[in-house]
Amino acid sequence: MRVIEVLSPGLLTTVQDLGREGFGPMGVSPSGAADPIALRIGNRLVGNAEGAAALEMTLLGGTFAFPQGAVGALASSDFGATLDGVAIPSWTSFEVKPGQRLRLGPTRTGARCYLCVRGGLAVEPFLGSASTHLLSGLGGHEGRALRKGDVLKIGDAVSSSRTDTLACSPAPSNPRDPSSRPGIPASPLASSAAPPSLIGRKVAPIILERLALRKTLRVTPGPQSDWFSKTVQRTFYNATYRVSEEANRMGLRLEGPAIPGGSHGEMISEGVSLGAIQIAAGGLPIILFVEQQTTGGYAKIANVISADLHSLGQLRPRDEIRFGSVSFDTALKLLIEQEKLLASEDLIV
Amino acid sequence: MPTKESRRARVERASDQSLLIYFDQEAKKSRAKARPPSRQFTIRANEQVRKLLRLLEQGPIAGVRNLHPAYCSILVKFDPLKWTHDKLGKELRKYLGRLNEVRLPEPRHVEIPVCYGGEYGPDLDEVAATHGITPEGVIELHTSATYLVYCLGFVPGFAYLGELPPGLVTPRLPAPRKQVPAGSVGIAGNQTGVYPFETPGGWRLLGRTPLAMFRTDRQGLSLLSIGDRVRFVRISRERFAELQGA
């Protein structure tokens, strides 16, 4: 059995996959990777099923030892990674020889970096997913962020095909969705040494460019958009907001121009969607994120489109963002284009 | 044939991958000025929510990923590569047309033992003072009602229970506590509920239950489900300790 030893956990490192859908009636939000595109590509680089469990590091990465070696890939933000002192680029698969140490530091770019290892991380699934839900202490590795001394088992979640066919169904097993498929069965060769072709694989630069993170988030109208006057909406769409220090996996609090009109004090709590921009008391927006509460009683002025949700996962405190309104049709078009890129044979070179 | 119920339901876009179905609500334009709904109003709408939830659980729609039932509405999250709002809205109308056929199961009755006051209920005295009654009076009122689980939300296993006797209706704390211990029983507005985990929270705390509200090692996970009826039963500190050890 291969393992990863946590020599230093970093600021906030958790086990994440693509989350658990279907448990809203119990108040359980999906959780899952804050930047699911990074997770999906990272897993592709090491030949895993797209939704295999990986480590999500936040702002400051950790140091890890691999007593039996591994094949790994770092996805998205540059945390200045080194393997026994040698720099390791993001978006490239690499071999870790037994006993080597991977060290990550503070981010040089966005908020999150994923460490995907061939075979994925093997943790006890909770409601069908390996994702950690920090607030309730459920899922992942003992329901919490990693600590020094933790040992994580590497699993056998490898993909059966070179280009993963799960590309268009990012949600994992879902009891409410009869069409959702269980993960691709592990290859019988999973535990054998990695094929050499898996090392040094890169993501095509042109595709990375087209998946670039956005600081102007595109949004569709929210369920209570019409509570806000034209003037107020103009304020919202013309404003630059700053991500507050309190931003986390539950939600991103923003600082900037206050938006009046959100609190009638009479709204009945209702289900809230991922990426909903709610106007809390005091008028400041909060973007609901992967560990969101499932219901809420604040008015939603807008909702970040699906194609831009991964950008939210890379926002750091003090980053500045803006909002741009698009139609529902455009939102769908952008998502279809994004999924096409992710499913592309040319993604990995 | 659309029934009266299905006509009363309103389907709206919530995001590019979700719809909201509202029951018995004012038309969108006038909603902002609408008055808070009456108890009867909310109970009837919530029944419709539970009926639709039951239909969707018994006959799931492929490509529907999640459901967030609430007081008077359900959020339906779907795979936007499989459904458009319009197509799914039409499909859901078929379900709405069948709500009359749905028989909701007899509600489960759940008793929740609570040790009131002291360190377990740090806001008990203040709530009593607000209403000009004794702490004993607050406990009597809180244990006198049978509450409906309107929905679960906030965190796993947190049940929104309604409604409080009018004499207990109290606004939430002006600033939420950073940490509310698991098992804390609180009130806010006309609602009451139990915190399943140690989380931040702005409800006023009257007491604490030794029961685990959400357990991963039990069938069903959450002690309470939507539609359950709940009563709080007062227990002593000694009994609290016994039950907690059990």
Side-chain angles (χ1 to χ4, degrees), chain A residues 21-30 126-127 133 135-139 143 168-171 174-180 220-224 226-227 261 264-276 293-296 299-300 303-307 326 328 331-332 334-336 339, chain B residues 12-18 20 22 25 28-29 31-37 42 53 56-57 60-77 79-82 84-85 150-160 196-200 214 216 220-222 225-226:
Chain A
E21 287 283 14
F23 303 98
M26 263 193 284
V28 179
S29 56
F126 167 63
L127 296 176
H133 190 280
L135 185 67
S136 58
L138 298 168
C168 282
S169 55
N174 175 353
R176 290 190 202 294
D177 182 353
S179 75
S180 76
T220 48
Q224 287 82 32
D226 61 340
W227 285 26
H264 293 262
E266 289 164 358
M267 184 168 154
I268 308 167
S269 284
E270 62 186 29
V272 284
S273 57
L274 179 63
Q293 49 190 77
T294 51
T295 57
K300 278 87 63 186
N303 205 107
V304 177
I305 66 169
S306 297
V326 297
F328 284 102
L332 178 59
L334 290 166
L335 182 67
I336 291 170
E339 287 299 326
Chain B
E12 283 187 23
R13 298 169 183 204
S15 73
D16 63 6
Q17 54 171 330
S18 59
L20 264 164
Y22 294 101
Q25 288 224 13
K28 199 172 178 181
K29 287 277 182 242
R31 192 174 4 130
K33 292 175 193 87
R35 293 214 308 224
T42 323
L53 178 66
L56 285 168
E57 286 183 332
I61 301 175
V64 166
R65 287 182 173 157
N66 217 331
L67 303 166
H68 297 202
Y71 285 93
C72 308
S73 62
I74 296 191
L75 181 94
V76 180
K77 184 177 178 185
D79 180 351
L81 302 176
K82 290 189 181 140
T84 62
H85 292 94
Y150 277 101
C151 58
L152 277 74
F154 175 47
V155 292
F158 186 96
Y160 289 87
F197 302 98
E198 184 182 288
T199 54
F214 195 94
T216 54
L221 301 166
S222 177
S225 300
I226 186 167

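Owing to the predicted nature of the structure, the values given are computational and were not obtained by experimental measurement. Per chain, numbering begins at 1; letters A, B, ... match sequence-line order.
- Within the 4.5 angstrom heavy-atom criterion, no atom of S29(A) approaches chain B.
- Summarising the geometry, atom CD belonging to Q293(A) is positioned 10.5 Å from atom OG1 belonging to T199(B); distances are rounded to the nearest 0.5 Å.
- Listed options K77(B), R13(B), Q17(B) were ranked by heavy-atom pairs under 4.5 angstrom with chain A; first place goes to R13(B).
- Taking both residues in full, the closest heavy atoms of G220(B) and M26(A) are given as O-SD, 3.7 Å, listed atom of the first, atom of the second, then distance.
- Separation of atoms OG1 (T294(A)) and CG (L75(B)) is listed at 9.5 Å; rounding is to 0.5 Å.
- Neither the backbone nor the side chain of I226(B) comes within contact range of chain A; no heavy atoms are under 4.5 Å apart.
- Considering only heavy-atom pairs separated by less than 4.5 Å from chain A, the leading option among A14(B), G157(B), S222(B) is A14(B).
- Taking CD from E270(A) and OH from Y22(B), the interatomic distance works out to 3.5 Å, rounded to the nearest 0.5 Å.
- Between atom CD of residue E339(A) and atom CG of residue L81(B) there is a gap of 5.5 Å, rounded to the nearest 0.5 Å.
- L335(A) and P80(B) get closest at one heavy-atom pair: CD2-CG, 3.3 Å.
- The candidate from A159(B), P69(B), S225(B) with the greatest count of non-hydrogen atom pairs under 4.5 Å with chain A is P69(B).
- Note: V272(A) leads T220(A), L274(A), I336(A), V272(A) in heavy-atom pairs under 4.5 Å with chain B.
- Remark: side-chain polar atoms of D16(B) are not paired, donor with acceptor, to backbone N or O of I305(A) under 3.5 angstrom.
- Your options are P156(B), P196(B), S18(B), P200(B), and the one with the most heavy-atom pairs under 4.5 Å with chain A is P156(B).
- Of the listed residues (P30(A), P221(A), S273(A)), the one with the most heavy-atom contacts under 4.5 Å to chain B is S273(A).
- Rounding to the nearest 0.5 Å places CG of N66(B) at 4.5 Å from CD of E21(A).
- The distance from atom OG1 of T295(A) to atom CZ of F158(B), rounded to the nearest 0.5 Å, is 8.5 Å.
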